[in-house]
2 protein chains.
Amino acid sequence: MEILIAEDDEQIAASLKKNFTEDGNHVMIAKDGEEAINFTNSIFFDVVLLDWRMPKVSGIEVCRHIRGSGSKVPIILLTALSEIKNKVEALNLGADDYVTKPFSIEELNARITAVVRRYQNNSNELIFSDVSLDLITRKAQTPRGEINLTAKEFDLLRYFIIHKGSIMSKEDICKAVWNLESVPSTNIIEATVKNLRKKLEDNNCKSMIKSIYGEGYLFIVE
Amino acid sequence: MEILIAEDDEQIAASLKKNFTEDGNHVMIAKDGEEAINFTNSIFFDVVLLDWRMPKVSGIEVCRHIRGSGSKVPIILLTALSEIKNKVEALNLGADDYVTKPFSIEELNARITAVVRRYQNNSNELIFSDVSLDLITRKAQTPRGEINLTAKEFDLLRYFIIHKGSIMSKEDICKAVWNLESVPSTNIIEATVKNLRKKLEDNNCKSMIKSIYGEGYLFIVE
DNA sequence: AACAATAATGAAAAATCGTTCATTTTTATT
DNA sequence: AATAAAAATGAACGATTTTTCATTATTGTT
C-alpha cells in the first residue's frame with residue numbers, strides 16, 4: 001500500500017513511517033501542505049494522512065484541493081483541534097475520517113484499514129495482469145491501448161477475471177453471461193471465446209484463456 | 001433519508017429521532033438488537049445507527065449480521081466504551097464509524113452525512129424519480145418493470161440523470177455520450193432522444209426530458 | 001402573420017453485433 | 001492407429017442498433 005503522510009513534525013512523521021513500513025507499506029512524507037499537493041498531483045497513493053496544521057498550506061486546504069481535482073483517494077485528517085466545528089468542517093470538505101492527537105497507532109491503523117477497505121470494495125474497476133476493465137464505461141484498457149470489445153465480449157472477459165484461477169464450466173458461463181438455463185446446441189460460447197481471444201491477441205496480451213477439455217475454461221496468466 | 005436507530009435507552013432514542021425528523025428524515029427505532037436485525041432484513045435504510053450495548057443482541061453482533069448478509073448499508077456504532085480495542089473491533093467488523101457517548105448531535109450529523117455521502121458517491125446505482133439505473137449490468141428499472149435500453153440510450157439517460165436540473169447543451173451531450181468533438185450535420189441526438197422518450201413513455205414514466213430551444217435539454221421531473 | 005431556425009418524427013439505410021453453420025483441429029480413450 | 005467427443009475456426013446469416021434522411025411540428029423574432 002502506498003501511503004502519503006503530510007506532517008511537518010519530523011518526529012511524528014518518522015514514527016508513523018516506521019510503523020507503516022514495518023507492515024510492508026511504502027510511505028512518502030510531505031513536510032508541508034504545498035509538497036503534499038505536488039505529490040498527490042502526480043503520484044498514486046492508496047491513502048493520504050494530512051496533519052491539519054502545516055506550513056504554507058493547511059491539511060484542510062490540501063483536502064479541499066484533492067477533492068476539487070476529482071480524486072476519491074481516502075483522506076484521514078490528523079488534528080490536535082478537538083472542537084466539534086473543526087471535525088464537522090473536515091468531514092464536510094470530503095475527508096473520510098479524522099483522528100485527534102494524541103492518538104494510538106492501533107486506532108489509526110484500524111481507521112486506515114477501514115477507509116481503504118471501503119474504497120476498494122466499491123471500486124468500479126477490475127484489473128488482471130495488465131488488463132484493466134472500467135465497469136461503468138465498459139472500456140478495456142492495457143498499457144498498449146484500448147481493446148475494442150463488444151458488450152458480450154466485455155461481459156465474458158469480466159466473468160473470466162472475476163473467476164480467475166478456477167475452472168468455469170460452460171453451463172456456468174452460459175447462465176451468467178447469456179442468462180440461459182442450458183447450453184444451446186450451437187456453439188455460441190466457443191465463437192465468443194474465439195472473438196475475445198483474437199482481440200486480446202491483437203493487443204499483444206499474454207495468453208490467458210485456457211481450454212480445459214470436457215470441463216470448461218480457466219483464466220490464468222502464464 | 002431512511003434512518004434506523006437501534007437503542008434501548010428510550011430517552012436517547014427519542015431525542016435522536018426528534019433531531020433527524022426535524023431535518024426531514026424518516027426514522028425507525030429498534031429497541032434491541034434482535035429487532036434491529038429483523039428490520040434490516042426486510043426494510044431499506046440509508047444508514048443504521050447501532051448502540052453497542054443492547055439487550056438480546058449487541059450492536060456489534062447486529063453489525064456482524066448485516067455485513068454477513070452482504071449489505072453495504074452505512075453503519076455507525078454508538079458506544080460508551082472508550083477503549084481502543086473496542087473501536088478497532090468495530091471498524092474491523094465492518095462498521096463505517098463509531099461515536100463515543102456522550103456525543104454532540106452536530107458531530108453525529110456530520111459523521112452520518114459523511115458516511116452516506118461516501119456510500120452514494122461510490123454507488124453503482126443512479127436513481128432519479130422512480131427510475132433506477134444499475135451502472136454495472138446497465139439495466140434501467142422502475143416499479144413497473146425494466147426499461148429495455150440500447151447501449152446508447154442507456155449512456156444518454158445516465159448523462160441526463162447525472163446532470164439533472166441543469167441545461168445540457170448539444171455540444172456537451174455529443175462530446176460526452178458520442179465522444180465527438182462537434183455536433184454532426186445529421187440529427188443523431190434528436191433521434192436518440194426521441195427513442196429514449198418513447199421508451200420512458202411506454203413504461204409510463206413521468207415526462208422528464210425538456211427541450212430548451214436553442215440551448216439543449218433539461219432533465220427534470222414535473 | 002410571415003419567416004427562419006430549431007426540434008421532433010418516422011422510415012429506412014448503414015453499421016454492428018450475436019449467432020448459426022460447416023468444417024477443421026485437438027484431445028482423450030481404447 | 002482408430003475413433004469419438006470436444007473445441008477452434010471462419011464465413012455468413014439473422015438480429016439489433018445507430019445513423020441518415022426527409023418531412024412535419026414547434027419556437028422565437030420581426
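Residue numbering restarts at 1 for every chain, and letters A, B, ... go by the order of the sequence lines.
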Spacing of [X] atom [atom1] relative to [N] atom [atom2], expressed in whole Å:
X: B:Ile173; N: D:dT19; atom1: CD1; atom2: P; answer: 14 Å
X: A:Lys199; N: D:dG10; atom1: NZ; atom2: P; answer: 15 Å
X: A:Glu201; N: D:dA8; atom1: CD; atom2: P; answer: 13 Å
X: A:Leu156; N: C:dC17; atom1: CG; atom2: C1'; answer: 15 Å
X: A:Glu190; N: C:dT27; atom1: CD; atom2: P; answer: 15 Å
X: A:Lys210; N: C:dT26; atom1: NZ; atom2: P; answer: 15 Å
X: B:Asn148; N: D:dT16; atom1: CG; atom2: P; answer: 10 Å
X: B:Asn187; N: D:dT19; atom1: CG; atom2: C1'; answer: 9 Å

*Within the structure shown, what part of the strands sits under 4.0 Å from A:Lys152 by heavy-atom distance: base, sugar-phosphate, or nothing?*
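Sugar-phosphate: the residue A:Lys152, judged by heavy atoms under 4.0 Å, touches backbone atoms but no base.
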
_Closest-nucleotide 5' rank along DNA chain D - winner of A:Tyr213 and A:Ala191_ =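 The answer here is A:Tyr213.
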
*Do B:Phe219 and B:Phe128 make the cut of ring centroids closer than 6.0 angstrom?*
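Close enough - the centres of the two rings lie under 6.0 Å apart.
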
Kindly say if [X] contacts the phosphate of [N], meaning a side-chain N or O under 4.0 Å from OP1 or OP2.
X: A:Trp178; N: C:dT19; result: yes
X: B:Thr192; N: D:dT18; result: no
X: B:Lys170; N: C:dA7; result: yes
X: A:Ser211; N: C:dT26; result: no
X: A:Tyr217; N: D:dA8; result: yes

*Quick check: does any side chain N or O of B:Asp96 sit under 3.5 Å from a backbone N or O of B:Ile75, one acting as donor and the other as acceptor?*
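Yes; judged by distance alone, with no hydrogens or angles, the pair exists.
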
*Are any of the side-chain heavy atoms of B:Lys170 and B:Glu190 separated by less than 4.5 Å?*
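SC-SC contact between B:Lys170 and B:Glu190 confirmed.
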
*A:Arg111 NZ/CZ over B:Tyr98 ring centroid, <6.0 Å and within 45° of normal*: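 Yes, A:Arg111 sits over the ring of B:Tyr98.
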
*asked:* By nearest heavy atom, map A:Leu149 and A:Thr186 onto DNA chain C; which one lands nearer the 5' end?
replied: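 The residue whose closest nucleotide sits nearer the 5' end is A:Leu149.
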
*Enter the distance from A:Ile112:CD1 to A:Leu49:CG here, rounded to the nearest 0.5 Å.*
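CG of A:Leu49 is found 4.5 Å from CD1 of A:Ile112.
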
